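See structure below.
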2 protein chains.
Amino acid sequence: MSSRPTIKEVSKIAGVSFKTVSRVLNNEKHVSEETRRRVEEVVARLNFRPSHAARTLAGRRSFQVALLYDNPSPYYVYHIQIGAQKRCSELGYRLLLQPVDSQSPDLVSNVMALIDEAHLDGVILSPPVTEMIGLLDELDRRGLPYVRIAPGARKEAGMAATIDDVAAAREVTEHLIELGHRSIGFIRGLESHVSTWERLQGYREALEAHGIAFDEDLVAAGENSFTSGGDAARKLLERQPRPTAIFAGNDDMAAGVLAVAHESDVDVPGQLSIVGFDDSDLAKAVWPPLTTMRQPVRELAYAAANLMLAPDAEPQVMLEHKLMVRATTGPAPR
Amino acid sequence: MSSRPTIKEVSKIAGVSFKTVSRVLNNEKHVSEETRRRVEEVVARLNFRPSHAARTLAGRRSFQVALLYDNPSPYYVYHIQIGAQKRCSELGYRLLLQPVDSQSPDLVSNVMALIDEAHLDGVILSPPVTEMIGLLDELDRRGLPYVRIAPGARKEAGMAATIDDVAAAREVTEHLIELGHRSIGFIRGLESHVSTWERLQGYREALEAHGIAFDEDLVAAGENSFTSGGDAARKLLERQPRPTAIFAGNDDMAAGVLAVAHESDVDVPGQLSIVGFDDSDLAKAVWPPLTTMRQPVRELAYAAANLMLAPDAEPQVMLEHKLMVRATTGPAPR
DNA sequence: TTGCACGATGGCAGCGCTGTCAAATATGCC
DNA sequence: GGCATATTTGACAGCGCTGCCATCGTGCAA
């Protein structure tokens with residue numbers, strides 16, 4: 001545990017050239033079993049850790065990738081980080097967690113600066129950075145590998161890990177229809193998120209598949225936040241007759257709906273059913289616990305990291321979503 | 001925006017030695033204004049970004065510090081990251097966000113490995129990593145600078161950014177006492193967090209200052225989670241007569257209390273007042289919105305990063321807390 | 001026996017910067 | 001004007017590794 005032993009000390013003690021130590025550290029072949037064991041023993045004993053900076057500088061690869069994010073949800077960011085971090089460290093890569101401002105005009109140049117400074121081997125993009133076409137183009141131009149988590153635009157291009165937002169939203173809506181609801185409000189999220197429109201699409205498809213006319217007045221605009229969900233809910237609940245169910249595009253907005261229901265003494269789920277989307281921490285912290293569509297956020301990030309670092313992986317993976325039926329949905333009244 | 005111009009190209013084009021370019025990049029003095037301008041112009045034009053790895057290897061400093069965390073709360077982690085990141089990037093440092101397992105027997109050696117590999121200039125510790133004495137000792141031994149955010153143990157030693165947990169808990173309790181509550185339950189958090197005991201201490205002091213006897217039966221053990229808060233609340237509410245207020249050691253547990261109250265048809269705040277601690281995102285997402293003690297998480301992390309990187313800062317700073325009175329507290333019944 | 005492929009190792013340049021020292025030039029003061 | 005001192009610049013080693021090539025030894029077919 002003493003301070004910074006060098007590779008040369010190791011080689012001296014092990015009685016081999018420092019090049020051989022390097023081979024052992026990098027798991028190269030052409031090292032005899034016995035030599036390898038001896039070197040490893042010395043490395044462990046001295047607690048030797050190779051300098052990342054030196055490897056980066058000398059080698060072709062830095063063993064560093066970055067996860068770029070710009071999402072206001074702590075829950076989402078936290079779990080994306082964990083998933084990506086896990087796969088990276090399993091494969092011996094360092095992951096740089098890099099918040100960015102996807103709306104900044106300097107986005108592309110900031111990311112390029114990071115890539116150059118850190119000699120990145122690749123980047124992982126999470127929504128909404130996934131949609132920044134200018135960035136994708138520049139990454140392509142430079143030939144820098146990247147994966148996207150839940151991309152909306154240019155879905156088929158390159159590597160990506162996704163869920164089927166359309167199908168998931170369809171299932172949510174069908175759950176409500178099966179409970180007898182016919183007048184179902186929908187609160188959509190931020191315009192800039194492609195998933196917003198896909199979820200709306202799924203909602204629409206389910207209605208139509210069950211012979212319920214799509215009514216534009218039942219769609220309210222939200223901004224993914226608690227308050228925007230509440231505001232949208234107030235608008236929807238003004239209608240006569242009022243909808244018996246509301247499907248919110250994410251859990252934060254659903255929590256907003258729930259608060260408005262409490263405020264207005266609307267019983268949930270007796271008079272109003274509510275469904276969210278994400279299954280964030282919030283879903284189990286509100287009362288009653290929220291029925292919501294589980295999105296496997298960690299697993300998406302894990303899969304994305306794997307796509308980028310495991311050479312033989314299929315370039316696109318789609319993960320399963322799952323409806324979590326809890327206590328905010330029930331049979332339609334009357 | 002093309003790929004990796006080198007410092008030598010820059011120097012050739014600017015017509016100076018590459019050492020001079022290095023001086024400009026590092027903002028050293030002894031460079032004439034005219035030369036500086038010329039070099040900067042070329043740097044900007046070529047979009048040159050110095051290699052971090054090379055600087056680290058050649059220089060004494062890496063301009064890299066790490067933030068170590070091991071906290072189950074996405075909210076907390078998210079905001080700590082933002083605060084620390086902000087100050088680091090303002091000062092030209094890269095911040096490595098590093099989750100660790102503070103319970104692992106390898107904690108110390110894992111952290112030392114990180115320090116060696118990345119040539120860290122320092123580390124920022126957040127709770128509960130702040131309490132790992134073995135780690136602190138080893139950092140001291142190696143002379144590696146570190147700051148702690150909200151440390152419990154060895155408070156006075158070294159650099160730290162904190163709030164006054166005892167005073168904050170006292171204020172929370174006093175708020176309830178002023179509302180007429182005399183039977184106030186307290187749900188404490190994880191035993192391993194020092195703040196748990198400080199908050200209990202503040203609760204106790206306030207009671208005693210107002211001539212209310214401290215009753216051990218009114219203290220329930222929680223584990224900082226939503227469910228543990230609910231369990232503790234059920235126990236407290238069994239008592240006859242039952243407490244008219246509950247002070248939970250954090251917002252997650254307070255949300256659990258709130259859910260139990262809803263479940264048992266106990267009106268909040270009519271029959272039961274509830275206060276949390278943290279002012280996390282949750283506080284405004286539950287219904288009714290939670291009265292809670294605001295902890296300036298971001299600012300703490302910002303201040304911590306500043307302590308470590310700004311050479312002349314006072315080694316200890318204490319930031320202000322603030323009681324956020326929302327809708328879960330009201331006058332005591334009867 | 002010779003020849004040759006291949007496994008195991010070592011030697012050395014060089015990645016792109018910073019630190020140190022020395023040299024060249026400018027400035028100040030008696 | 002002359003010398004001391006400060007400012008500006010350059011030369012060069014070397015940080016700790018990897019990539020490439022050379023070298024040595026061994027087993028095996030001819």
Side-chain angles (χ1 to χ4, degrees), chain A residues 3-40 42-43 46-64 92-94 113 115-121, chain B residues 3-40 42-43 46-64 92-94 113 115-121:
Chain A
S3 198
R4 275 226 148 286
T6 101
I7 201 173
K8 285 191 185 159
E9 294 182 46
V10 175
S11 65
K12 210 156 287 172
I13 296 178
V16 292
S17 77
F18 84 93
K19 177 66 225 192
T20 299
V21 177
S22 165
R23 285 199 180 87
V24 173
L25 293 174
N26 289 286
N27 250 307
E28 286 170 33
K29 48 187 176 183
H30 302 316
V31 179
S32 73
E33 258 323 297
E34 201 234 309
T35 309
R36 184 180 299 275
R37 240 195 314 275
R38 191 148 37 90
V39 171
E40 274 167 353
V42 177
V43 165
L46 295 193
N47 234 284
F48 168 74
R49 303 291 175 170
S51 157
H52 202 282
R55 296 166 72 122
T56 298
L57 193 55
R60 264 186 231 319
R61 298 197 295 168
S62 70
F63 295 95
Q64 282 192 140
Y93 277 74
R94 196 209 289 318
I115 291 170
D116 283 343
E117 281 172 15
H119 303 247
L120 296 185
D121 292 341
Chain B
S3 197
R4 276 228 150 282
T6 103
I7 200 172
K8 284 191 185 160
E9 295 182 47
V10 174
S11 65
K12 211 156 286 172
I13 296 178
V16 293
S17 78
F18 83 92
K19 176 67 220 191
T20 299
V21 177
S22 165
R23 285 199 180 88
V24 172
L25 293 173
N26 289 287
N27 251 306
E28 286 170 33
K29 48 186 176 185
H30 302 316
V31 178
S32 73
E33 257 323 297
E34 202 234 308
T35 309
R36 185 181 298 274
R37 241 196 313 275
R38 192 149 35 91
V39 170
E40 275 168 352
V42 177
V43 164
L46 296 192
N47 233 283
F48 167 74
R49 304 290 176 170
S51 156
H52 201 281
R55 296 166 73 125
T56 298
L57 193 55
R60 273 190 224 315
R61 298 197 294 168
S62 70
F63 295 95
Q64 282 192 141
Y93 277 74
R94 195 209 288 320
I115 291 170
D116 284 343
E117 280 171 16
H119 303 248
L120 296 185
D121 291 341

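Owing to the predicted nature of the structure, the values given are computational and were not obtained by experimental measurement. In what follows, every chain begins at residue 1, and chains take the letters A, B, ... in the order their sequences are listed.
Minimum interatomic distance between P50(A) and R55(A) (heavy atoms only, all atoms of both residues): CG-NH1, 3.3 Å. Between P5(B) and L46(B), the closest heavy-atom pair is CG-O, 3.5 Å. Minimum heavy-atom separation, H30(A) to R23(A): O-CD, 4.4 Å. Here the closest heavy-atom approach between residue H119(A) and residue S62(A) is recorded as O-OG, 2.6 Å. For the residue pair E28(B) and R36(B), the shortest heavy atom distance occurs at O-NH2, 2.7 Å. Among all heavy-atom pairs drawn from F63(A) and D121(A), the shortest one is N-OD2, 2.7 Å.
For R38(A) (side chain) and A14(A) (main-chain N/O), a donor-acceptor pair under 3.5 Å exists by modelled atom type.
K19(B) places its NZ atom 17 Å from the C1' atom of dA24(C), with the value rounded to the nearest Å. To the nearest angstrom, P of dG14(D) lies 19 Å from CD1 of I7(A). Taking atom NZ on K8(A) and atom P on dG11(C), their separation rounds to 12 Å, with Å as the unit. In this structure, R23(B) places its CZ atom 15 Å from P of dC17(C), rounding to the nearest Å. Between the CZ atom of R49(B) and the C1' atom of dG16(C) there is a distance of 17 Å, rounded to whole Å.
One finds the CZ atom of R49(B) at 10.5 Å from the CG atom of L25(B) (value rounded to the nearest 0.5 Å). Rounding to the nearest 0.5 Å gives a distance of 6.0 Å between CD of E117(B) and CZ of R94(A).
Annotation: proximity of residues 10-18 of chain A to DNA chain C (heavy atom, distance under 4.0 Å) is found for V16(A), S17(A), numbered in ascending order. Within residues 51-62 of chain B, the residues having any heavy atom closer than 4.0 Å to DNA chain C are, in order of number, S51(B), A54(B), R55(B), A58(B), G59(B), R60(B). Within residues 26-37 of chain A, the residues approached by DNA chain D to less than 4.0 Å at the level of any non-hydrogen atom are N26(A), in residue-number order.
Between S22(B) and the phosphate of dT18(C), there is a side-chain N or O to OP1/OP2 separation shorter than 4.0 Å. Dashed line: the shortest gap from a side-chain N or O of T20(A) to OP1 or OP2 of dT9(C) is not under 4.0 Å.
Contact annotation: the side chain of V24(B) never approaches that of V43(B) to less than 4.5 Å [non-hydrogen atoms, C-beta and beyond]. Contact check for S11(B) versus I7(B): no side-chain heavy atoms found under the 4.5 Å cut-off.
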